[in-house]
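Right, one structure below, let's go through it.
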Amino acid sequence: MKKLSAASKAYLVLVFAVLYAPILYLIFYSFNSGGNMNNFESFTLEHYQAVFDDSRLIVILINTVIVALLSGLIATVIGTLGAIGIVSIKDKKMRNTLLSLNNVLIVSPDVVIGASFLILFTMIGVKLGFASVLVSHVAFSVPIVVLMVLPKLLEMNTSLIDAARDLGATKRDVLTRVILPYISPGIFAGFFMALTYSLDDFAVTFFVTGNGFSTLSVEIYSMARAGISLTVNAISGLVFAITVLVVIGYYFINQRTKSAMAEGQR
Amino acid sequence: MNSKTAKAPLIPYLFWIILFVIAPIALILYYSLLDLNGHFTLANYAKFFTPVYLKMTLSSFWYAFLITLFTLIFAYPTAYLLTKTKHKRLWLMLIIIPSWINLLLKTYAFIGIFGLYGPINALIEVFGFNPKQILFTDFSFVFVAVYIFIPFMIIPIFNSLDKMNPSLIFAARDLGASAWTTFRRVVFPLTIDGVKAGIQVTFIPALSLFMITRLIAGNQVITLGTAIEQQFLVSQNWGMGSTIAVFLIVFMLLTMLVTKQNSKGGRA
């Protein structure tokens with residue numbers, strides 16, 4: 001492999017700098033005792049203190065996490081079952097139709113999803129708030145889970161199932177002891193993606209959240225519209241730290257399952 | 001697999017499809033035919049074809065085009081150079097991390113950076129110019145949007161470049177192609193699927209952005225997304241909002257048709 005030229009390296013460095021600059025900028029000023037993002041007065045943790053002292057903000061944070069975990073779990077169950085069902089369909093046309101329908105919510109613009117869900121919830125009389133936000137997050141996470149689980153199911157050797165049957169396994173045993181363990185990496189990836197989708201979503205939540213309920217994204221939006229507040233900077237510092245931890249954790253889990261699978265195949 | 005046993009898992013999934021995929025689309029179509037009092041009308045569609053809405057649609061397309069173009073221009077070389085690095089997976093991971101930081105936070109950062117007293121204007125002053133209002137301009141809007149979309153453009157291009165067989169490049173060079181010809185005739189055509197996927201994930205969201213326009217562009221830029229949000233949540237005119245949404249869905253389908261992946265793929 002040829003080494004990169006100096007110009008190429010400089011370009012990459014520039015891209016990385018631009019990608020990280022805004023985030024580092026936010027975090028840097030989160031320690032600023034002055035009230036703005038323009039001149040740094042002195043180091044302080046008061047804005048972090050403010051985040052933890054603000055009980056409303058803490059409630060919103062807990063809401064966000066609860067919605068993400070719950071919607072991730074429910075979507076993972078529905079999506080995994082859906083993927084197993086789709087694979088079992090022999091009719092090719094039917095299968096492709098389901099797959100196309102599956103992808104509608106992935107490619108649809110958030111605004112359209114949000115607006116259509118708002119109509120839906122109003123029509124069937126779901127009160128806007130926790131329930132509507134949770135249900136919407138489940139709804140837009142299901143197709144991601146399906147897409148993560150499907151490849152695992154497709155690469156699975158069907159003779160595994162036949163063998164299990166021959167050895168006297170019941171339908172239930174086949175599902176819980178053969179299929180599910182085999183596709184578990186896909187299920188985990190699906191759950192993880194559903195989590196990140198839920199944590200990151202703004203537009204859909206913005207449409208279906210009522211007055212009493214808010215998630216972090218929606219809250220940041222209203223705070224940002226009001227102008228600069230270093231509390232938001234402190235939140236971004238926390239979010240960044242957590243994201244990096246999660247990414248590192250995910251990376252290691254991935255490595256371990258990969259090496260474990262390589263061991264198993266030997 | 002026995003087909004009878006395997007149908008049961010589909011039930012909750014089919015329920016999901018009917019309630020959250022088919023019903024919402026049907027409802028959007030239905031509401032697009034209603035006026036403010038709930039009477040059937042085609043007035044919303046007629047209104048969409050008036051100069052006000054057509055102009056807005058055009059400008060929304062123009063901005064989405066600019067955003068996609070600049071994202072591609074910056075993302076392609078980045079993806080290309082990334083595939084040449086040692087530990088390329090790690091570097092790709094580092095590109096992806098910023099995309100996991102909440103969108104709102106990143107957008108909020110630019111309120112400070114582009115602000116009248118922000119670092120960019122401080123730099124401008126160092127060079128002896130007067131500070132300018134960068135925020136609330138179309139430049140800042142396009143810049144922030146490109147910033148947000150770049151990782152999503154890099155990933156598919158990186159993947160298709162990574163899949164490409166390097167001996168094809170050697171072959172082209174051996175046959176006397178210049179670096180540019182090799183790129184234009186070999187590399188780019190083989191990675192066109194990645195580019196198309198990248199355009200898909202940039203252009204459609206760029207048409208429907210609304211929080212960036214609100215926070216960064218003030219009311220300078222109105223996209224189809226902003227208009228839908230306005231109609232639904234501010235004007236409470238769900239009929240008109242739905243009509244714009246119908247058009248957005250149509251544009252989305254057209255975009256997907258244009259950027260449809262070649263199912264044969266680069267690798268035979």
Side-chain angles (χ1 to χ4, degrees), chain A residues 1-2 4 8 11-12 15-16 18-20 22-23 25-26 29 36-38 78 81-82 84-85 88 90 98 101 104-105 107-113 115-120 123 139 142 158 161 171 196 200 202-203 207 216-217 220-221 224-225 228 232 235-236 239-240 243-244 247 251, chain B residues 1 3 5-7 9-10 12-13 16-17 20-21 23-25 27-28 31 74 77-78 81-82 84-85 93-95 97-98 100-113 117-118 147 150 204-205 207-208 210-211 214-215 225 228-229 232-233 238 241-242 245 248-249 252 256:
Chain A
M1 196 174 290
K2 271 189 293 179
L4 289 178
S8 309
Y11 182 76
L12 275 185
V15 170
F16 275 102
V18 171
L19 274 179
Y20 280 89
I23 298 162
Y25 175 79
L26 280 186
Y29 278 105
N36 58 45
M37 285 203 272
N38 306 318
I78 300 177
L81 290 175
I84 293 173
S88 74
K90 291 284 173 291
L98 273 186
L101 286 172
V104 168
L105 286 185
V107 291
S108 293
D110 292 343
V111 193
V112 174
I113 299 176
S116 63
F117 283 5
L118 174 62
I119 300 180
L120 180 76
M123 281 273 270
V142 167
T158 44
I161 296 167
K171 290 160 192 167
T196 43
D200 212 35
F202 164 69
F207 272 89
L216 197 56
S217 298
I220 296 169
Y221 179 70
R225 284 207 85 174
I228 285 170
V232 180
I235 296 174
S236 50
V239 170
F240 186 69
T243 308
V244 170
V247 170
Y251 188 74
Chain B
M1 212 182 286
S3 57
T5 51
K7 285 290 180 301
L10 267 181
Y13 181 69
W16 168 81
I17 283 196
F20 293 106
V21 178
I25 297 174
L27 283 174
I28 285 275
Y31 265 82
F74 290 112
T78 311
L81 294 174
L82 279 180
K84 300 279 173 232
T85 54
M93 192 79 157
L94 286 174
I95 292 271
I97 288 177
W100 278 348
I101 305 293
N102 198 301
L103 196 78
L104 273 305
L105 288 176
K106 285 180 286 188
T107 310
Y108 165 80
F110 282 100
I111 299 179
I113 292 173
Y117 305 100
Y147 172 83
I150 259 191
I204 299 169
L207 273 180
S208 56
F210 80 91
M211 39 76 57
R214 287 263 190 266
L215 291 177
I228 294 174
E229 188 250 359
F232 266 91
L233 300 179
W238 289 13
S242 299
L248 191 51
I249 293 172
M252 177 192 96
M256 293 184 61

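Per chain, numbering begins at 1; letters A, B, ... match sequence-line order.
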* Pick one of side chain, backbone, both or neither for B:L233, based on which atoms fall under 4.5 Å of a heavy atom in chain A. => side chain
* Asked: With only heavy atoms counted, which part of B:Y117 is less than 4.5 Å from chain A, the side chain, the backbone, both or neither?
  -> both
* Toward chain A, the part of B:Y108 with a non-hydrogen atom under 4.5 Å -> both
* Structure fact -> Counting heavy-atom pairs under 4.5 angstrom with chain B, the leader among A:I220, A:D110, A:I235, A:V239 is A:I220
* To do: Taking the side chain as every heavy atom from C-beta outward, state whether A:P109 and B:I204 have any pair of such atoms under 4.5 Å apart.
  => yes
* Asked: Just wondering, do A:V18 and B:Y147 contact through their side chains at under 4.5 Å, heavy atoms?
  -> yes
* B:M252, part contacting chain A, at a heavy-atom distance under 4.5 Å -> side chain
* Is the distance between the ring centroids of B:F74 and A:Y11 less than 6.0 Å? -> no
* Structure fact -> Counting heavy-atom pairs under 4.5 angstrom with chain A, the leader among B:I249, B:I95, B:I228 is B:I95
* To do: Check each atom of B:W16 against the heavy atoms of chain A and say whether the ones under 4.5 Å are side chain, backbone, both or neither.
  => side chain
* Does a side-chain heavy-atom distance below 4.5 Å link B:T78 with A:L12? -> yes
* Checking heavy atoms, do the side chain of B:S242, its backbone, both or neither come under 4.5 Å from chain A? -> side chain
* To do: Please look at B:L105 and chain A and tell me whether the side chain, the backbone, both or neither of the residue comes under 4.5 angstrom of a heavy atom of that chain.
  => both
* Structure fact -> If one checks every heavy atom of B:P205 against chain A at 4.5 Å, the contacting part turns out to be neither
* Which atoms of B:L215 approach chain A - backbone, side chain, both or neither, heavy atom under 4.5 Å -> side chain
* To do: Using a 4.5 Å cut-off on heavy atoms from C-beta on, say whether the side chain of B:N102 contacts that of A:F202.
  => no
* Asked: Is it the side chain or the backbone of B:I113 that comes within 4.5 Å of chain A heavy atoms, both, or neither?
  -> both
